[in-house]
Amino acid sequence: MGEAFGKGCHLHLIDGSAFIFRAYHALPPLTRKSDGLPVGAVAGFCNMLWKYVQEDAGSNAPTHAAVIFDHSSKTFRNEIYNAYKANRPEPPEDLRPQFPLTRDATRAFNIACIETEGFEADDIIAAYACRAREAGGRVTIVSSDKDLMQLVGDGVEMLDPIKNKAIGPDEVFEKFGVGPDRVVDVQALAGDAVDNVPGAPGIGIKTAALLIQEFGDLEALLERAGEIKQPKRRQTLIDHAEQIRVSKRLVQLDCNTPLDVPLEELGVQAPDPARLLSFLTDMEFRTLTNRVAEKLGAEAPAVKAAPQSEAPAAPELPAIDITGYETVTDMAALQTWVDAIREAGEVAFDTETTSLDDMRAVLVGISLALAPGRACYIPFGHVSGSDDLFGSAQPVAGQLPMAEVLAALRPVLEDASILKIGQNVKYDWKLLARNGIRMAPVADTMLMSYALNAGTHNHGMDELAERYLGHKCIPIKDLIGSGKSQIHFGQVAIDKAAPYAAEDAEVTLRLYRHFAPMLPAERVVTVYHTLEAPMIPVLGQMEMTGVKVDTQVLSRMSGAFAQKMAQLEDEIYGLAGGSFNIGSPKQLGEILFDRMGLAGGKQGKTGAFSTSADVLEDLAAEGHDLPARVLDWRQISKLKSTYTDALPTYVNPDTGRVHTCYSIAGAQTGRLASTEPNLQNIPIRTDEGRRIRQAFIAPEGHRLVSLDYSQIELRILAHVADIPALKQAFREGIDIHAMTASQMFGVPVEGMDPMIRRRAKAINFGVIYGISGFGLSRNLRIPRAEAQSFIDTYFERFPEIRAYMDRTVADAKADGSVRTLFGRRINTPGINQSGPAAGGARRAAINAPIQGAAADIIRRAMIRMPAAIEGMPARMLLQVHDELVFEVEENAVEPLIARAREVMEAAAEPAVKLSVPLVVDAGQGANWAEAH
DNA sequence: ACGCTCACG
DNA sequence: GACGTACGTGAGCGTA
């Protein structure tokens, strides 16, 4: 049995245990519908295996493969050192029953499944790798575990399955500072907290690598430890020599581990479709089952329905078939669809247009879907040819006129009793609004996904279809191409456009049926209905209104910037002794740190010097002129290219105004994001930059009014963390940063040193972000120890904050998500990771409920605003996270401010009664600079 | 396509 | 004293 293994063969060894833990932590705790068996890790494991099997590895394709598992807690290493891996926590309760299932899964995929009682997976992998190497074959270890890196080299390499990146000797060197053959020496010295390998106290990988580089190998080092210059380090190595030798035996993998299954029997075989599908069906993995069935060309057995006690299971849906859609070309057929929509009471739809920019786009067709398999496309704006030198675009024959299509659809689109279901509805809403149709009511699958899955993944249709329907949509590029030769959708032939457009409608319908029942079940139905869906008409209207921009002001500024830049360029070239591209960080770094030999050059992971403002400011402070000039140049260059030059290109020729586009589901926390152009990052912090705001103007007879929440995030923190001192200060309306400083340093608020207040302010902000001593020290440019002692004092004085942070992180770990005061859920998939990534996930989890609640509050204000200012000669134009900008007739400025302020200050109510007041500051002027 | 840098809250 | 380090965004530029 089996194929001989030798030259030309390629063995893949998959680290099964790592796969399982990765899968477990990456996925929410899924259970099998029929009996509640936890299967999340099995699902993830199967997805990873399937992806691995599917991947076309080309010349790296395996001829032999096996998945290796751990099987036992006690191994020979415990005889060497009884505390080995003693720190390992027990696997979670709901993971344990999944271990045997992952073995079954491996076998179902027809991949050899290897485990041996009393041996660790790493040693088995080592033994196979050695045998394969001896036989002259190649080996790929599918894992990113650093403990396996000692095996790399001589035809053995690793593959990080997540990053899909090969790990060879170079990458090992990057990680350990030595080649694969000396990795064990470094590990022996550095030890490993996770596996409880002691190593040498106080020696980490960096130091270990230096020592090994200097002395050649571990034995030489230990014998000649007396030669080490640093006294402390020398003593450590002498004192702990034995412990280090033991550590080496712990980290050294054993190539002589007995192998129950010989190499020859690991030959790759295609999975047996029946067996694999029966396993997946048994697990009730519907999506994966369908995907696998489709690929293997086999019939997918029906996934077992949920038991009667649950809500009745949805009937099994047929796969999406894009060949059977109708193209509507006459009024009778269209009327049949309209009647059917009335009958159904809801319809999924999608609009096709000539552009992604919804303020310039022209409608070319509409697709509808009423049921799986029942969808159509109504083309009306398709053309042949294009408007160019050689002729003009001609309408394609056989289409209904747009006016008639819209007239026929208008009654259902505006019918309050018929639900219109779309994906990213704001886009379609605006196109219809531009054609005089006020569509309502609507449901948006993108926003449903956002309410359910913020933090887990993005919410574009292609991604949702693949993830939740197991369906790959036709890529738009297949129709319109890309790059220079790209055409618009109206230029696509109707017989190609129809399946694409109708598919989108059907996918939207299926996504709606998938997500809608989950909203109440996941307790985000209120968030969806009060904070997401109502934003569609509000933002749609703001975006259509746009803001007036004075391009002449910008153009004059641009000219002045150009002059100033030219002057700075001359000075910089003079100082550098030659010209170079100042805008290239690479060239600048070489000039500063190589040519001029300045100190403080720090190289990042790409090996390039950092030339960020931080670094340049330090150099400038040491008295170097060139970095100071570059800082000036950079600032002006930024203002010119991003603002004065780019903004005028966004002025819409039809309206003469700039129409940004807000993403409702872009940020993880509930904040909006503004694009094309981004009007949420217009300069204000420097005087020069602030002048850009003079170009945002009110038309004749009008004023711009800006209202912004004062300290909203700190107020929310005071409320949710329940901090009496902070709450009282806000109630009394005193300077919050001065109060903090006074409490921390015991100085009176009266006559306070501005520096002290500045520090307190930095801490107040830092705390919202999950502060560290390092971060604060860098921000304030003070020694780390000092920064740390500030933080310690702060937590001592306001102990509720530490409690809030701990509570939030604990919730995130337990639930995989955190929530805002208003119920918005933000998933925290990375929170149970270990290593450096864990810190970031922790801070994000602490910040999300605060930033998110502030976002919820201003959303609530915006949603109420149109009704509140109804009848006033005022329009809401912009949102900048804690600020709303209005355009108002001059004589109505004061009433508008009063009304809008009232709405904003009461926006949390009645859902939440905050224990601190919300305060809104207002300003007004002829332009945004004056108003703010 | 990706990293760097920098604009905002 | 090993390791990395403030949260959330989008745009323009240089480089590969």
Test for a donor-acceptor pair under 3.5 Å between the base of C:dT5 and the side chain of A:Arg784, counting only N and O atoms. yes
Answer yes or no: side-chain N or O of A:Gln680 and base N or O of B:dC8 forming a donor-acceptor pair under 3.5 Å. no
Check whether any side-chain nitrogen or oxygen of A:Gln587 sits under 4.0 Å from OP1 or OP2 of C:dT15, and answer yes or no. yes
Answer with yes or no whether A:Arg843 presents, from its side chain, a donor or acceptor under 3.5 Å of a partner atom in the base of C:dG4. no
Hey, where does DNA chain C pair up into stems, meaning at least three consecutive Watson-Crick or G-U pairs with distances under 3.5 Å? B:1-9 with C:7-15
Spacing between A:Glu676 atom CD and C:dG12 atom P, to the nearest angstrom: 9 Å
Whole angstroms only, please: what is the CD-P distance between A:Glu713 and B:dG9? 12 Å
Among C:dC7, B:dC6, C:dT5, which nucleotide has an atom closest to any side-chain atom of A:Arg634? B:dC6
Strictly distance-based, threshold 3.5 Å: is any side-chain N or O of A:Asn827 a donor or acceptor partner for the main-chain N or O of A:Ala454? yes
How far, in whole Å, is B:dC6 from C:dC3 if one measures between their C1' atoms? 27 Å
With the side chain defined as heavy atoms from C-beta on, A:Gln668 is closest, among C:dG8, C:dG12, C:dT15, to C:dG8
Quick one: is A:Arg685 getting a side-chain N or O under 4.0 Å of the B:dC6 phosphate, OP1 or OP2? no
Nearest-Å distance once atom C1' is located in both C:dA2 and B:dA7: 36 Å
C:dC7 phosphate, OP1 or OP2, under 4.0 Å from A:Thr669 side-chain N/O: no
